[in-house]
Chemist: 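Below is one structure. I have some questions about it.
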There are 2 protein chains.
Amino acid sequence: MMVKELSQAANVSADSVRYYTRIGLLKPERDRNNGYKLFTDTDVKRLRFIRRAQSLGYTLAEIQHILDHAHSGKSPCPLVRDIIRKRIEDNRVKLDELKALQERMENALQDWEQRGDGVPDGDTVCYLIDLAGEE
Amino acid sequence: MMVKELSQAANVSADSVRYYTRIGLLKPERDRNNGYKLFTDTDVKRLRFIRRAQSLGYTLAEIQHILDHAHSGKSPCPLVRDIIRKRIEDNRVKLDELKALQERMENALQDWEQRGDGVPDGDTVCYLIDLAGEE
DNA sequence: CTTGACTTGTGTGTTGCTCACAGGTTTATA
DNA sequence: TATAAACCTGTGAGCAACACACAAGTCAAG
């Protein structure tokens, strides 16, 4: 199975398959004639696993880690739980930051709608932004 | 004024100052002897503007654009409003995605807390992830 | 046997930094 | 005055997760 076929079997872009191979998440054999990547049915499963894990918030590095761990025969489940706990925390922080940003942006825009335009001088590029507070 | 002094004057890391210079957001003179960057008071203002704009959600590329526009003498204000309107929309999408992700992660973890560990076999790496749904 | 459609691999660009590194400069001490 | 330590500099590379460009290879139709 070559890149395109695998990518369709797992509903993933061909470029992603190539990328995963590049970083070692997939390790296809190579066609001796032309160097093409050759995948197996196991790779389809592996790729589906990768996407499912990704949709749960795992990074590719973490998935790599989980796969390595599983390959050693031990249960990756505790690791899987630990990682997602941290990811949940991190995501909460990011979420809060984004919410705050969204508010700042909306407030600024609402304020700006009322005001006219200004021409830049030596001191201000755009007073709309300049007056948006210090922090 | 050299990198460190500017960075302190605007409360920015020295590496960020170097980065902004690299991408052309700041354009210091160079010391003929040693090639060191030489900044002026105007650069302090410019750098503060950059950070304020960033805290409002503008990307560096957009800030670059705004500065260029202002340099041509025209008012950048309409541009500034347009950009932030788009940024607000984009951010809303990202926010929704992150919220959905957070829910998926929390649901998965809650589910997983009840279950034991499994050992990987040929078909599943970690059934916790595998049973997390198809989509 | 040539045209054209399709695919492949690899290289590069993306965002906003941060870190590593080798070297230059300033300051303190002997 | 020499020298060592502390600090600063510029540049190059790395990060995440792809998307895109591009030349070269493959395959079927005519």
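Protein chains get the first letters and strands the later ones, always in sequence-line order, with residue 1 at the start of each. Only this structure's heavy atoms are used, side chains among them; waters, hydrogens and symmetry mates stay out.
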Chemist: Begin from the C-alpha positions of B:R92 and A:E106 and carry the test salt bridge (charged side-chain N to carboxylate O under 4.0 Å, His left out) through to its verdict.
Modeler: CA-CA 11 Å; B:R92 188 153 15 231; A:E106 280 170 356; 3.4 Å; yes
Chemist: Hey, which of these two, B:Y36 or B:R51, hits DNA chain C nearer its 5' end, going by closest nucleotide?
Modeler: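 Its nearest nucleotide lies further toward 5', so the answer is B:R51.
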Chemist: Whole Å only: how far is the CZ atom of A:R32 from the P atom of D:dG25?
Modeler: 20 Å
Chemist: Tell me: CG of B:L60 to P of C:dT18, nearest whole Å?
Modeler: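 It works out to 12 Å between those atoms.
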Chemist: Less than 4.0 angstrom between a side-chain N/O of B:S13 and OP1 or OP2 of C:dT18, yes or no?
Modeler: yes
Chemist: Got B:I23 and B:Y19 here, is their nearest side-chain heavy-atom distance under 4.5 Å?
Modeler: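 They are in contact (side-chain heavy atoms under 4.5 Å apart), so the answer is yes.
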Chemist: Return no unless some side-chain N or O of A:Q54 is found under 4.0 Å from OP1 or OP2 of D:dA16.
Modeler: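 Negative; the distance criterion is not met.
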Chemist: Between P on C:dT14 and CG on B:D90, what's the gap in Å once rounded to a whole number?
Modeler: 18 Å
Chemist: If only side-chain N and O atoms of B:R18 are considered, is one of them under 4.0 Å from the OP1 or OP2 phosphate oxygen of D:dT9?
Modeler: yes
Chemist: Please report, rounded to the nearest Å, how far the C1' atom of D:dC8 is from the CE atom of B:M1.
Modeler: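 Checked: the CE to C1' distance equals 16 Å.
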Chemist: Could you please spell out the steps behind the salt bridge (charged side-chain N to carboxylate O under 4.0 Å, His left out) verdict for A:K94 and A:D90?
Modeler: CA-CA 6 Å; A:K94 228 195 272 179; A:D90 291 351; over 6 Å; no
Chemist: Phosphate oxygens OP1/OP2 of D:dG10: is one of them under 4.0 Å from a side-chain N or O of B:K37?
Modeler: yes
Chemist: Near A:E113 CD, under 6.0 Å, is it more than 12 heavy atoms from other residues, nucleotides or ligands?
Modeler: yes
Chemist: In whole angstroms, how far is the P atom of C:dC6 from the CD atom of A:E5?
Modeler: 17 Å
Chemist: Go through the N and O atoms of the side chain of B:R22 and the base of D:dG12, and report whether any donor-acceptor pair is under 3.5 Å.
Modeler: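 Such a pair is found, so the answer is yes.
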Chemist: From the options D:dT9, C:dT18, C:dG9, select the nucleotide whose nearest atom is closest to the side chain of B:Y19.
Modeler: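 The answer is C:dT18, which lies nearest to the side chain.
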Chemist: Just the rounded figure in Å: distance from P of C:dG16 to CD1 of B:I23.
Modeler: 7 Å
Chemist: Can you identify which nucleotide, out of D:dA17, D:dC18, C:dG16, has its nearest atom closest to the A:T59 side chain?
Modeler: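 Closest of the options to the side chain of A:T59: D:dA17.
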Chemist: Using the side-chain contact (heavy atoms from CB on, under 4.5 Å) rule, pick out the option among B:T42, B:V17, B:V3 that qualifies with B:L26.
Modeler: B:V17
Chemist: Quick one: is C:dG16 close enough that its OP1 or OP2 comes under 4.0 Å of any side-chain N or O from B:S16?
Modeler: no
Chemist: From C-beta outward on B:K4, which listed nucleotide comes closest to its side chain: D:dT9, C:dT8, C:dC17?
Modeler: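 For the B:K4 side chain, the nearest candidate turns out to be D:dT9.
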Chemist: Over all strands shown, is A:N34 touching base, sugar-phosphate only, or nothing at heavy-atom distances under 4.0 angstrom?
Modeler: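 If one applies the 4.0 Å heavy-atom cut-off, A:N34 turns out to touch the sugar-phosphate alone, with no base involved.
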